[in-house]
Novice: 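Sharing a structure with you now.
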Amino acid sequence: MYKVLIVDDEMIVRHAVKSLIRWEDSRFEYVGSAANGAQALEMIPRTGADIVITDIKMSEMDGLELIKLLMKSSFGGEVLVLSNYNDYDLVREALRCGAHDYMLKLTLKTEDFMVALEEMAHKLDLKNHHRSDQAQLPEGQTIGKGKIGEWLKETDAGVVPGGSPAGRQTLLEVLAGPPALHAYTFCIHVLKDSNHSLAAAQYQETFYKIAEGLFPGNHGLYVTATDPDRLLLLAPVQPGSGDSPKVEELAQRIKGLSKLYYNVDITVVFGNPAADYEAVVEQIGRNKEAEYLSFYTRHQDNCIYSGSVSGPREEENGFRMLENEFKDSLRHTNGTEIDLWLESAVVLIRSAAELYIPPSLLKRAIIGGIWGIANSKIVSSDASWNESQWIEKIESAHTDSHILLIIEDMYDEITNIIGKTASYKFMREEIRLANAYLERHFAERVFISEVAAHVGFSEPYLCQVFKAETGSSILTRLNEIRMTKAYEMLSSGNYLIKQVAMEIGIPDPFYFNRLFKKRFGVAPKTVKNIR
């Protein structure tokens, strides 16, 4: 039997909750109620309550403070939160602090209560079973999370082949324990641009709580941090039926719950379930090999399957061809070199994500292009342009979005040094056609070669004339069109920022936010409905 305590500052709610729970013929026992968190703290140890159902807004001590104090104490039970529709931020904070789940007061039903109570009882069963298993092991043979954590770190780093002997023995005990188990391995990256308030020290506890809810009936969960924003998760589970979640689905749920409950954006690298010790070691290595894809924004939206990057990479040949085109862009001598260089750099960066190219190769190519500018006649020898600072920025970039922004900032600096020949006289027909083409196709991937073919010019000549006529490059004009359209859509109040970014052809939210702020001086979220 699990003992239940109800906490709410309204007597009618306490009675309603009590009446909605089926106490007879269940494994739940009502032990009392409290009008606030302070009373509950006094009653929990006295009654031996295992499950606390608490309102989130109360006088003297609210539910949030109660949860925080319980999690700091020796309380080993579970907490269910009651809330109103407008309490979402408080609810998310409660879940982050350790609450099991929440229920809306206006939609309370017996069936929902019993489902939630059974979920919490199942978690308590697992905790009690784990403690019982540990008590039955001979002294010194407890399956401890510390040993597995050290083993995970060592195996991940490859410091000791196969991990330490103690960790190996411990994992073998886990995998060999009855019944036979499989092991799922995940590598979790907290994105550096994630807009969250969670401290790095809390990540390990956070993802352990998420894993607890996803792997009912597990034989033990192990989460360890190898860096402040990188964690490894090992979940030994029983081989399931055909209805059991697949490993990709579990990875997606880890990602989704991290965002929903804790507002933390992550990427998750996953592989195939491993049935023995050697397979676990191999899968950890494969996950590490594949995690470089989290550098690319397009791969951050989904989880990364480590099998997708195994074996020789024929795509690198295609990347080398694009890299050669990037180098050749500086060979023009009619004043359009920097414009063609910028477009080639953008193509190279976007293609690197599509071709699964290691970030080190991409950075090497971009840095080579910067050296190419430094050794060309684009910037005169007496100009105060320092290529070293831009190379350092590229080397330290942690996403492809950052590289895009860096090269655009560098382009702006160079064009300012060179001097712009802005002229707003009557445009020649070909430039008006080019501008109209950009207006029609701004939501697509636009290449200078396509615009040049449309107006009947060569690429270098189009770049030269376009800048002379408009005072800006083709890509700069394209981004101006996109940002103007984005501002119109956001001002209507009918679109979310992510929807707008997709509609104008910039699906990378970080890149979109930076371009928008650069154009208008404010973040997209500050644009109000001006209708």
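Count residues from 1 along the sequence.
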Novice: Quick one about N287 and Q283 (side-chain donor to acceptor, distance below 3.5 Å, no hydrogens or angles considered), yes or no?
Specialist: yes
Novice: Should we count NZ of K288 as having more than 12 external heavy atoms under 6.0 Å?
Specialist: yes
Novice: Hey, what do you get for CD1 (I254) to CD1 (I266), rounding to the nearest 0.5 Å?
Specialist: 7.0 Å
Novice: Can you confirm if the aromatic rings of Y184 and F270 lie within a centre distance of less than 6.0 Å?
Specialist: no
Novice: When you measure from the side chain of N386 to the backbone N and O of S388, does any donor-acceptor pair fall under 3.5 Å?
Specialist: yes
Novice: To the nearest 0.5 Å, tell me how far Q499 CD sits from L490 CG.
Specialist: 10.0 Å
Novice: First locate atom CG of L355, then atom CG of L322, and finally report the distance between them rounded to the nearest 0.5 Å.
Specialist: 7.0 Å
Novice: Any chance you could measure L260, atom CG, to K255, atom NZ, to the nearest 0.5 Å?
Specialist: 13.0 Å
Novice: Any side-chain heavy atom of V268 sitting closer than 4.5 Å to one from I304?
Specialist: no
Novice: Please test R364 against E323 for salt bridge (charged side-chain N to carboxylate O under 4.0 Å, His left out), starting from the C-alpha separation and ending with a verdict.
Specialist: CA-CA 10 Å; R364 182 200 66 190; E323 186 178 1; 3.5 Å; yes
Novice: Is any side-chain N of the basic residue among R445 and E354 closer than 4.0 Å to the acidic one's carboxylate O?
Specialist: yes
Novice: When you check the side-chain N and O atoms of R477 and N435, is any donor under 3.5 Å from an acceptor?
Specialist: yes
Novice: Tell me whether K518 is salt-bridged to D412, with the criterion being a basic N under 4.0 Å from an acidic carboxylate O.
Specialist: yes
Novice: Between K259 and N263, is any side-chain donor less than 3.5 angstrom from a side-chain acceptor?
Specialist: yes
Novice: Is there side-chain contact between I474 and K467, with at least one heavy-atom pair below 4.5 Å?
Specialist: no
Novice: Can you find a heavy atom in the side chain of V347 that is under 4.5 Å from one in the side chain of F326?
Specialist: no
Novice: Quick check on M103: does its CE atom have over 12 non-hydrogen neighbours (other residues, nucleotides or ligands) under 6.0 Å away?
Specialist: yes
Novice: Any chance you could measure C463, atom SG, to L475, atom CG, to the nearest 0.5 Å?
Specialist: 8.0 Å
Novice: Do N272 and Y305 have side-chain N/O donor and acceptor atoms under 3.5 Å apart?
Specialist: yes
Novice: Can you check whether L80 reaches Y102 side chain to side chain, under 4.5 Å on heavy atoms?
Specialist: no
Novice: Say whether S473 and Y411, considering side chains only, have a donor N or O and an acceptor N or O under 3.5 Å apart.
Specialist: yes
Novice: Do I210 and S258 make a side-chain contact, defined as non-hydrogen atoms from C-beta onward lying under 4.5 Å apart?
Specialist: yes
Novice: Are the side chains of Q300 and N302 in touch, meaning some heavy atoms are under 4.5 Å apart?
Specialist: no
Novice: Please check if atom CZ in F520 has more than 12 non-hydrogen atoms from other residues, nucleotides or ligands closer than 6.0 Å.
Specialist: yes
Novice: Taking side chain as C-beta onward, heavy atoms only, is R519 less than 4.5 Å from N479?
Specialist: no
Novice: Does any non-hydrogen side-chain atom of Y356 lie less than 4.5 Å from one of Y296?
Specialist: no
Novice: Are R230 and E291 within salt-bridge range, i.e. N to O under 4.0 Å?
Specialist: yes
Novice: When you check the side-chain N and O atoms of H441 and E444, is any donor under 3.5 Å from an acceptor?
Specialist: yes
Novice: Can you confirm if the aromatic rings of H402 and Y511 lie within a centre distance of less than 6.0 Å?
Specialist: no
